[in-house]
Peer 1: 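A single structure is presented below for examination.
Heavy atoms only: backbone and side chains are in, while hydrogens, waters and symmetry mates are out. Below, read A as the first sequence line, B as the second, and so on, with proteins coming before strands; counting in each chain starts at 1.
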There are 2 protein chains.
Amino acid sequence: MENQEIRDAGLKVTGPRVKILEILDRAGERHLSAEDVYRLLLESGDEVGLATVYRVLTQFEAAGLVERHNFEGGSSVFELNKGEHHDHIVCVICGKVVEFIDETIEKRQRQIAVEKGFEIADHSLTIYGRCNNPACSRRKEKGG
Amino acid sequence: MENQEIRDAGLKVTGPRVKILEILDRAGERHLSAEDVYRLLLESGDEVGLATVYRVLTQFEAAGLVERHNFEGGSSVFELNKGEHHDHIVCVICGKVVEFIDETIEKRQRQIAVEKGFEIADHSLTIYGRCNNPACSRRKEKGG
DNA sequence: AGACTAAATGCAAAAGCTTCTCATTTATTG
DNA sequence: CAATAAATGAGAAGCTTTTGCATTTAGTCT
Ligand SMILES: [Mn+2]
Ligand SMILES: [Mn+2]
Ligand SMILES: [Zn+2]
Ligand SMILES: [Zn+2]
């Protein structure tokens, strides 16, 4: 089971940690804030402190189990690290997030880092726009 | 003079606004936090409140005069909008920022937005790495 | 120049997110 | 099952940013 992942990270296998991992697992492509995770725990009837949620998410991030993203708007969001890197396109209206990978872009980034004399460590690419949800897309307003 | 830019934004031409624009102008490629701008104002002997700095920067952003970036680490940074879009590569050690534009990446982003059914509004691409400053680059540590 | 008014300012207070402190509880090891 | 280092919960505290409000000021019209 994935409890081993927690052990491998050098962390004790505790209730909060197992449950947080489960919640992120169930979240799938959704990206959850610490507050989201906290609320989901409460809704499941689990008594966990918000401070613990923050601590555990940070530890999981350090261990490479989860990734943290800073999209626009105050708070960080987290998702399970599924092994393969990806970037995001976010709807500025409804918040919908779609993931994508583009090898052309990845390659150009590596070239740019070399050109500029940087040893690349990481990158963050987020496209913002309006998704095709009718409530979000701004169709040409028909005749004023 | 550039006071006209302030007027065009529908804002009164006040001391704080003119001075903040000057500071950003002098900053060149540097990216300043609100706190940075505030400190520079004080050092110039100008009495301006931090709240005003935040307010003015937000107004300038809304007017398209400045751009706000959320690199890693707590606070937003600002720079004068020089008209042409660019992305950033940031040194995770010393904080040095280099700007770049890459049409290949720009084009792919537009294609991806279309593929995913998004009307693109904006994007943010930041590469993180270690710059070639000796204190920053991690040369292969020679023997123990 | 002086008067008027909406806008701008400074300060302090408050908000939002995240981290820290510390007393108590718990997982792990032997 | 005892021992102990690690983890937890609750609240305090920290940081960046925003807000409320009394006061000041830029722009406009005599
Ligand atoms: Mn993702
Ligand atoms: Mn820039
Ligand atoms: Zn949408
Ligand atoms: Zn550097």
Side-chain angles (χ1 to χ4, degrees), chain A residues 1-23 31-42 44-63 65-78 95, chain B residues 1-23 31-42 44-63 65-78 95:
Chain A
M1 80 205 63
E2 71 262 283
N3 285 359
Q4 193 54 43
E5 300 181 318
I6 298 175
R7 279 206 187 78
D8 292 346
L11 302 169
K12 290 186 179 178
V13 178
T14 63
R17 286 185 180 140
V18 172
K19 289 165 197 157
I20 289 173
L21 219 40
E22 282 173 6
I23 282 178
H31 296 68
L32 306 178
S33 67
E35 191 72 35
D36 289 336
V37 173
Y38 175 64
R39 199 171 312 106
L40 288 168
L41 282 168
L42 294 193
S44 307
D46 296 310
E47 293 288 316
V48 177
L50 180 55
T52 299
V53 174
Y54 274 103
R55 267 187 302 238
V56 169
L57 287 173
T58 301
Q59 291 161 340
F60 283 179
E61 182 192 14
L65 291 180
V66 313
E67 294 190 333
R68 177 198 304 255
H69 303 291
N70 294 297
F71 299 152
E72 294 187 343
S75 44
S76 299
V77 295
F78 301 83
Chain B
M1 77 205 63
E2 72 260 281
N3 285 359
Q4 192 55 41
E5 299 181 319
I6 297 176
R7 280 205 187 80
D8 292 346
L11 301 169
K12 288 186 180 177
V13 177
T14 63
R17 288 186 179 139
V18 172
K19 289 166 196 156
I20 289 173
L21 218 42
E22 282 173 6
I23 282 178
H31 295 67
L32 305 178
S33 67
E35 191 72 34
D36 290 336
V37 172
Y38 176 63
R39 200 171 312 106
L40 289 169
L41 282 168
L42 293 193
S44 307
D46 295 309
E47 293 288 317
V48 176
L50 181 56
T52 298
V53 173
Y54 274 104
R55 271 187 298 238
V56 169
L57 286 172
T58 300
Q59 292 161 341
F60 283 179
E61 182 193 15
L65 291 180
V66 313
E67 295 190 333
R68 177 197 305 255
H69 304 292
N70 294 296
F71 299 152
E72 293 187 344
S75 44
S76 298
V77 295
F78 300 82

Peer 1: Specify the separation, in whole Å, of atom CG of A/Leu57 and atom P of C/dT18.
Peer 2: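 Rounded to whole Å, this separation is 10 Å.
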Peer 1: Do any side-chain nitrogens or oxygens of B/Thr52 fall under 4.0 Å of OP1 or OP2 in C/dG10?
Peer 2: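 Answer is yes, contact under 4.0 Å.
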Peer 1: With respect to the phosphate group of D/dT16, does any side-chain polar atom (N or O) of B/Ser33 fall under 4.0 Å of OP1 or OP2?
Peer 2: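 Negative; the distance criterion is not met.
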Peer 1: Looking at NE2 of B/His31 and CD of B/Glu67, how far apart are the two atoms once the value is rounded to the nearest 0.5 Å?
Peer 2: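 CD of B/Glu67 is found 8.0 Å from NE2 of B/His31.
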Peer 1: Does any part of the side chain of B/Arg39, heavy atoms only, come nearer than 4.5 Å to the side chain of B/Leu42, both counted from C-beta?
Peer 2: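 B/Leu42 vs B/Arg39: side chains apart.
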Peer 1: Between A/Tyr54 and C/dT19, is there a contact of a side-chain N or O with OP1 or OP2 at under 4.0 Å?
Peer 2: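 So the side chain of A/Tyr54 is outside the cut-off, no N or O lying under 4.0 Å from OP1 or OP2 of C/dT19.
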Peer 1: Roughly, in whole Å, what's the span from CD1 in B/Ile20 to C1' in C/dT9?
Peer 2: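 Taking CD1 of B/Ile20 and C1' of C/dT9, I get 11 Å after rounding.
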Peer 1: Answer whether the closest heavy-atom distance between the side chains of A/Arg17 and A/Leu21 falls below 4.5 Å.
Peer 2: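 A/Arg17 does not reach A/Leu21 side chain to side chain.
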Peer 1: Can you see if the side chain of A/Thr58 gets near the phosphate of C/dT18 - specifically, an N or O under 4.0 Å from OP1 or OP2?
Peer 2: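 Negative; the distance criterion is not met.
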Peer 1: Quick one: A/Phe78 CZ to C/dC17 C1', roughly how many Å, whole number?
Peer 2: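 The distance from CZ of A/Phe78 to C1' of C/dC17 comes to 11 Å, rounded to the nearest Å.
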Peer 1: B/Ala51 side chain: which of D/dA7, C/dT18, C/dC11 is closest?
Peer 2: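 That would be C/dC11.
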Peer 1: B/Leu11 has an atom CG; how far is it from atom P of C/dA6, in whole Å?
Peer 2: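 After rounding, the gap between these two atoms is 17 Å.
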Peer 1: Distance check: side-chain N/O of A/Ser76 vs OP1/OP2 of C/dT18, anything under 4.0 Å?
Peer 2: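 For A/Ser76, the contact criterion (side-chain N or O under 4.0 Å from OP1 or OP2 of C/dT18) is met.
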Peer 1: Grab the CD-P distance between A/Glu72 and D/dT17 for me, whole Å please.
Peer 2: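 Between P of D/dT17 and CD of A/Glu72: 14 Å.
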Peer 1: May I ask you to test the A/Val13-A/Asn3 pair for a side-chain heavy-atom distance under 4.5 Å?
Peer 2: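 Answer yes - side chains close enough.
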Peer 1: How many whole angstroms separate atom CD of B/Gln59 from atom P of D/dT19?
Peer 2: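 Rounded to whole Å, this separation is 12 Å.
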Peer 1: Nearest whole Å is fine: how far is C/dT19 C1' from A/Glu35 CD?
Peer 2: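 Atom CD in A/Glu35 sits about 15 Å away from atom C1' in C/dT19.
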Peer 1: Taking only the side-chain heavy atoms of A/Pro16 (C-beta and beyond), determine which of C/dA7, D/dT8, D/dA5 contains the nearest atom.
Peer 2: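 For the A/Pro16 side chain, the nearest candidate turns out to be D/dT8.
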Peer 1: Rounded to the nearest Å, what distance is computed from the CD atom of residue A/Gln4 to the P atom of nucleotide C/dT28?
Peer 2: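 Going from A/Gln4 (CD) to C/dT28 (P), I get 11 Å.
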Peer 1: Side chain of A/Arg68, backbone of A/Thr58: donor and acceptor closer than 3.5 Å?
Peer 2: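 No, the answer is negative, given that no donor and acceptor are paired below the 3.5 Å cut-off.
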Peer 1: Look at B/Arg7 and D/dA26 and indicate whether a side-chain polar atom (N or O) is within less than 4.0 Å of OP1 or OP2.
Peer 2: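 So the side chain of B/Arg7 is outside the cut-off, no N or O lying under 4.0 Å from OP1 or OP2 of D/dA26.
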Peer 1: With the side chain of A/Arg55 defined as its heavy atoms from C-beta on, choose the nearest nucleotide among C/dC17, D/dA7, C/dC22.
Peer 2: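 Among the listed nucleotides, the one closest to the side chain of A/Arg55 is C/dC22.
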Peer 1: What nucleotide among D/dG9, D/dG27, C/dC17 has an atom nearest to a side-chain atom of B/Lys12?
Peer 2: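 The nucleotide sitting nearest to the side chain is D/dG27.
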Peer 1: Assign each of B/Gly15 and B/Ser75 to its nearest nucleotide of DNA chain D by heavy atoms, then name whichever residue's nucleotide is nearer the 5' end.
Peer 2: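 The 5'-side residue here is B/Ser75.
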